[in-house]
Colleague: 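Take this structure first; my questions come after.
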Amino acid sequence: STPIRPGKGGRGRNLGCSRRMVSAVTGDVSARGFSVARGRVLWYKNRLPRGTQGRGGIMDVEQEARRQLVILKARSVDLLVEAELYQKLCRSLRTQTPLRVKLGLDPTAPDLHIGHTVVIHKLREFQSLGHDVIFLIGDFTGMIGDPSGRSETRKPLTVEQIQENAETYKRQIFKILDPERTIIEYNSRWGKALGSEGMIKLAAQYTVARLLERDDFQKRFAEGRPISLHELLYPLLQGYDSVVLHADVELGGTDQKFNLLVGRELMRDGGMEPQVIMTLPILEGLDGVQKMSKSLGNYIGIDEDPQTIYGKTMSIPDSLILRYMELATAMPQEETAAIRAGMAAGSVNPRDAKARLARALVTQYHSAKAAEEAARRFRETFGARMFPADAPAVTPPKEVVEPGGGVWIVRLITLAGAAPSGSEARRLIRQGGVEVDGEVVRDEEFRVILDRERQLQVGKRRFFRVLAPK
């Protein structure tokens, strides 16, 4: 077989499952679950299920690799190539070398939502099996903008925006991932160093015809929509990330399949063992139709407050309950299966299942105590249709109060943080989603007179007490 050139994380193709049994002896073990003593493998006995250890603590490598493969395959869409992943798992067990599992995200928005966490939960499964995760922040590729699934060129972000968003991502991912098993990387580290010569050499490894095979480029080309040259470079730069990082496995959504395959090809062409690619489903948003997106307003942000996460979850269509449980939470599979069976038999009310999902999400991103409080407040507010007494207070600054003592409703909504922009506030008003003192406001030019405390409701779940400035 062709040898792999040496380097960080380099692997040889001839290291598979040829040696089936590995000895386990008593001794100190590392945090990863294994270490080496006199050339023999030390393994946490309590890490392995019954049946994987033989007499004298012998570990069946093939059986353990198959067990891990079953866990990792669950809920994936594409796994290319499964046999290669099995061989990598066997080698990892034999050589006590964790797999290097890569996920790249461009910091194009300030916050992550639970749609992003579908792949992050899969990363956590790799970590729980003893492997290392490389969370790659695409601060270099983010300046290009991923064209996957786009009908038009993305607007470029400034360096300052990308850096600010990247810091948010770093903080938020550890609500799921284990920091001890996570390597944070930035692709600007090698992307900027490529220079003109390096970029030309990289571009020479792929043809325009191949790049135009991807569906979104084909559609734009056929419709006469512009395709910028820098967008064609994006898959190559993402693939180059895998070359630099010596990735064993790369994860992504189903819309990333082309980019992930480019990484495999670049690694193979460079004489390296190609990465295995695994794609995960794209999560639908709260409307149950379009994919979850902040720009569409159909998202649940992992940094949102407990009441908002709980309330948004309770608003999803019943058809999404089980899908959210399976893809966006760490709920045990046995519990999800029981809920599925109960809903099918009519013994589990979808509203109760939805409440269980809401508690799981709030617990994941806040705490169990916060989840119980959010559930209590939801019951009180929507059970008795009462305006919550502990709704947050909003006091508009004096400069936005007009001479007659009124505040423009659009300005009030944005001041309360109930809409990110005036255009979004106007959309909510047009849809009948704004109430003042229990009355629906449909006039976008409406003024709220601050002669007393007012009650503002935006959507089904956001309540504010509006106070006059002193």
Colleague: As a quick check of understanding, evaluate side-chain contact (heavy atoms from CB on, under 4.5 Å) for V133 and D178, giving each step before the final call.
Modeller: CA-CA 9 Å; V133 161; D178 176 5; over 6 Å; no
Colleague: Roughly how far, to the nearest 0.5 Å, is CG of L123 from CD of E125?
Modeller: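 Interatomic distance, E125 CD to L123 CG, rounded to 0.5 Å: 9.5 Å.
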Colleague: Quick one: which residue pairs count as a side-chain hydrogen bond (donor to acceptor under 3.5 Å, both in side chains) with a foot in residues 355-369, not counting sequence neighbours?
Modeller: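 Every pair satisfying side-chain hydrogen bond (donor to acceptor under 3.5 Å, both in side chains) with a residue in residues 355-369: E335-R356.
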Colleague: Show the nearest heavy-atom pair for residues P107 and I162, with the distance to one decimal.
Modeller: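 Shortest heavy-atom separation between P107 and I162 comes out as CG-CG2, 3.6 Å.
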Colleague: Relative to the ring of Y310, is the ring of F378 parallel (under 30°), tilted (30 to 60°) or perpendicular (over 60°)?
Modeller: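 Rings of F378 and Y310: tilted, as their planes differ by 30° to 60°.
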Colleague: Just how far is it from atom CE of M199 to atom CG of L236, taken to the nearest 0.5 Å?
Modeller: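 Between M199 CE and L236 CG, I get 9.5 Å after rounding to 0.5 Å.
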Colleague: Can E326 and T336 be said to form a side chain to side chain donor-acceptor pair (under 3.5 Å), step by step?
Modeller: CA-CA 7 Å; E326 292 173 343; T336 301; over 6 Å; no
Colleague: Taking all non-hydrogen atoms of both residues, which atom of P281 and which atom of T254 are closest, and how far apart?
Modeller: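 Closest pair (atom of P281, atom of T254, distance): CA-CG2, 4.4 Å.
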Colleague: Is any side-chain N of the basic residue among D437 and R452 closer than 4.0 Å to the acidic one's carboxylate O?
Modeller: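 So D437 pairs with R452 through a salt bridge.
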Colleague: Determine whether I413 and I429 make a side-chain contact, defined as any pair of heavy atoms from C-beta on separated by less than 4.5 Å.
Modeller: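 They are in side-chain contact.
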Colleague: Assess whether side-chain contact (heavy atoms from CB on, under 4.5 Å) is satisfied between F135 and I183, documenting all intermediate values.
Modeller: CA-CA 6 Å; F135 187 83; I183 302 165; over 6 Å; no
Colleague: Going through the checks in order, is the salt bridge (charged side-chain N to carboxylate O under 4.0 Å, His left out) test met by E82 and K73?
Modeller: CA-CA 9 Å; E82 182 175 329; K73 282 174 56 180; 3.3 Å; yes
Colleague: Ion pair present between D132 and R100, side-chain N to carboxylate O less than 4.0 angstrom?
Modeller: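 Judged by the 4.0 Å cut-off on N to carboxylate O distance, D132 and R100 do not form a salt bridge.
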Colleague: Give a yes-or-no answer on whether the side chains of Q68 and E64 include a donor-acceptor pair shorter than 3.5 Å.
Modeller: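 On atom types as modelled, these side chains qualify, holding a pair under 3.5 Å.
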Colleague: Where do L412 and L456 land on the side-chain contact (heavy atoms from CB on, under 4.5 Å) test, with the steps shown first?
Modeller: CA-CA 9 Å; L412 183 58; L456 171 67; 4.1 Å; yes
Colleague: Regarding T168 and N165, do their side chains bring together a donor and an acceptor under 3.5 Å, going by distance alone?
Modeller: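 Absent: no donor and acceptor within the cut-off.
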Colleague: How long is the straight-line distance from NZ of K102 back to CG of L245, given to the nearest 0.5 Å?
Modeller: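 It is 6.0 Å, given to the nearest 0.5 Å.
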Colleague: Is there a side-chain contact between V276 and K88 in this structure, where contact means two heavy atoms from C-beta onward sitting under 4.5 Å apart?
Modeller: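 Touching, per the 4.5 Å side-chain cut-off.
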Colleague: Write down the atom of I321, the atom of A353, and the distance for their closest heavy-atom approach.
Modeller: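 That would be CG2-CB, 4.0 Å.
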Colleague: Can you see which heavy atom on R465 is nearest to which on A391, and at what distance?
Modeller: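 Closest approach of R465 to A391: NE-O, 3.1 Å.
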Colleague: Are L280 and V77 packed together at the side-chain level, in the sense that at least one heavy-atom pair is separated by less than 4.5 angstrom?
Modeller: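 No - every pair of side-chain heavy atoms lies 4.5 Å or more apart.
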Colleague: Are the side chain of S421 and the backbone N or O of E424 linked by a donor-acceptor pair below 3.5 Å?
Modeller: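 Yes, the answer is positive, given that a donor and an acceptor are paired below the 3.5 Å cut-off.
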Colleague: In terms of relative ring orientation, are H113 and Y299 parallel, tilted or perpendicular, with 30° and 60° separating the classes?
Modeller: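 Tilted: the ring planes of H113 and Y299 meet at 30° to 60°.
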Colleague: Checking side chain to side chain contact (heavy atoms under 4.5 Å, CB included) between Y169 and each of I184, D111, L105, D106, which is the one that passes?
Modeller: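 When side chain to side chain contact (heavy atoms under 4.5 Å, CB included) is applied between Y169 and each of I184, D111, L105, D106, only L105 qualifies.
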Colleague: Which one of D318, N349, T313 satisfies the side chain to side chain donor-acceptor pair (under 3.5 Å) criterion with K354?
Modeller: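 So, applying the side chain to side chain donor-acceptor pair (under 3.5 Å) to K354 and each of D318, N349, T313, only D318 qualifies.
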Colleague: Given 3.5 Å as the limit, does a donor-acceptor pair link the side chain of T279 with the main chain of D78, or not?
Modeller: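 Checked: pair present.
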Colleague: Decide whether E435 and Q455 meet the rule of one side-chain donor and one side-chain acceptor closer than 3.5 Å.
Modeller: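 Judged by distance alone, the side chains do not pair up.
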Colleague: Heavy atoms only: give me the nearest P392-R377 pair and the separation to one decimal.
Modeller: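 Heavy atoms only, the tightest pair is CD-NH2, 4.2 Å.
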Colleague: Does a donor on one side chain and an acceptor on the other come within less than 3.5 Å for S76 and K122?
Modeller: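 Side chains of S76 and K122: no pair found under 3.5 Å.
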Colleague: Is there a side-chain contact between Q457 and V434, using heavy atoms and a 4.5 Å cut-off?
Modeller: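 A side-chain contact is absent here, since even the closest heavy-atom pair is not under 4.5 Å.
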Colleague: Between G115 and M292, which heavy-atom pair has the shortest distance, and what is it?
Modeller: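 G115 and M292 have their closest heavy atoms at N-SD, 3.5 Å.
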Colleague: Please walk me through it: do K219 and R225 pass side-chain contact (heavy atoms from CB on, under 4.5 Å)?
Modeller: CA-CA 8 Å; K219 291 175 183 176; R225 294 177 178 269; over 6 Å; no
Colleague: Around E453, counting heavy atoms of other residues, nucleotides and ligands shown, do more than 12 lie under 6.0 Å from its CD?
Modeller: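 Yes - once you tally the heavy atoms of other residues, nucleotides and ligands closer than 6.0 Å, there are more than 12.
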Colleague: A side-chain contact here means heavy atoms from C-beta on lying under 4.5 Å apart; do T141 and S188 qualify?
Modeller: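 Answer no - side chains too far apart.
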Colleague: I'd like to check I114 versus L283 (side-chain heavy atoms, cut-off strictly below 4.5 Å). Are they in contact?
Modeller: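 In short, these two side chains touch, coming nearer than 4.5 Å.
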Colleague: Determine whether W190 and D241 make a side-chain contact, defined as any pair of heavy atoms from C-beta on separated by less than 4.5 Å.
Modeller: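 Yes, close enough: below the 4.5 Å cut-off.
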Colleague: Thinking salt bridges, do D303 and K175 make one under a 4.0 Å N-O criterion?
Modeller: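 Looking at K175 together with D303, the answer is yes, because their closest N to O distance falls below 4.0 Å.
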Colleague: Measure the CG-CD distance between L266 and Q238 for me, rounded to the nearest 0.5 Å.
Modeller: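 The CD atom of Q238 is 10.5 Å from CG of L266, to the nearest 0.5 Å.
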Colleague: Are more than 12 heavy atoms, taken from residues, nucleotides or ligands other than E180, located less than 6.0 Å from that residue's CD atom?
Modeller: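 It does not: E180 CD has 12 such atoms or fewer within range.
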Colleague: In plain terms, say whether E402 and R447 are close enough for a salt bridge, that is, a side-chain N and a carboxylate O under 4.0 Å apart.
Modeller: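 Looking at R447 together with E402, the answer is yes, because their closest N to O distance falls below 4.0 Å.
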Colleague: How long is the gap from CD1 on I277 to CD on E84, to the nearest 0.5 Å?
Modeller: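 CD of E84 is found 10.0 Å from CD1 of I277.
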Colleague: Can you confirm whether V407 sits close enough to I449 that some side-chain heavy atom of one is under 4.5 Å from a side-chain heavy atom of the other?
Modeller: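 No. Closest side-chain heavy atoms not under 4.5 Å.
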Colleague: Could you state the interatomic distance from CG (L79) to CG (L72), rounded to the nearest 0.5 Å?
Modeller: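 Going from CG on L79 over to CG on L72, the span is 9.0 Å.
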Colleague: CD of Q431: more than 12 outside heavy atoms within 6.0 angstrom?
Modeller: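 It does: Q431 CD has more than 12 such atoms within range.
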Colleague: Would you kindly say whether Q127 and T182 are connected by a side-chain donor-acceptor distance under 3.5 Å?
Modeller: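 The criterion, which ignores hydrogens and geometry beyond distance, is satisfied for T182 and Q127.
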Colleague: Determine, for E185 against R189, whether the closest basic-nitrogen to carboxylate-oxygen distance falls under 4.0 angstrom.
Modeller: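 Salt bridge between E185 and R189, a charged N being under 4.0 Å from a carboxylate O: yes.
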Colleague: Kindly indicate, with the supporting measurements, whether the criterion salt bridge (charged side-chain N to carboxylate O under 4.0 Å, His left out) is fulfilled by R210 and E265.
Modeller: CA-CA 12 Å; R210 290 294 306 278; E265 293 179 30; 3.0 Å; yes
Colleague: Below 4.0 angstrom, N of the basic side chain to O of the carboxylate: do R442 and E444 qualify?
Modeller: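 Looking at E444 together with R442, the answer is no, because their closest N to O distance does not fall below 4.0 Å.
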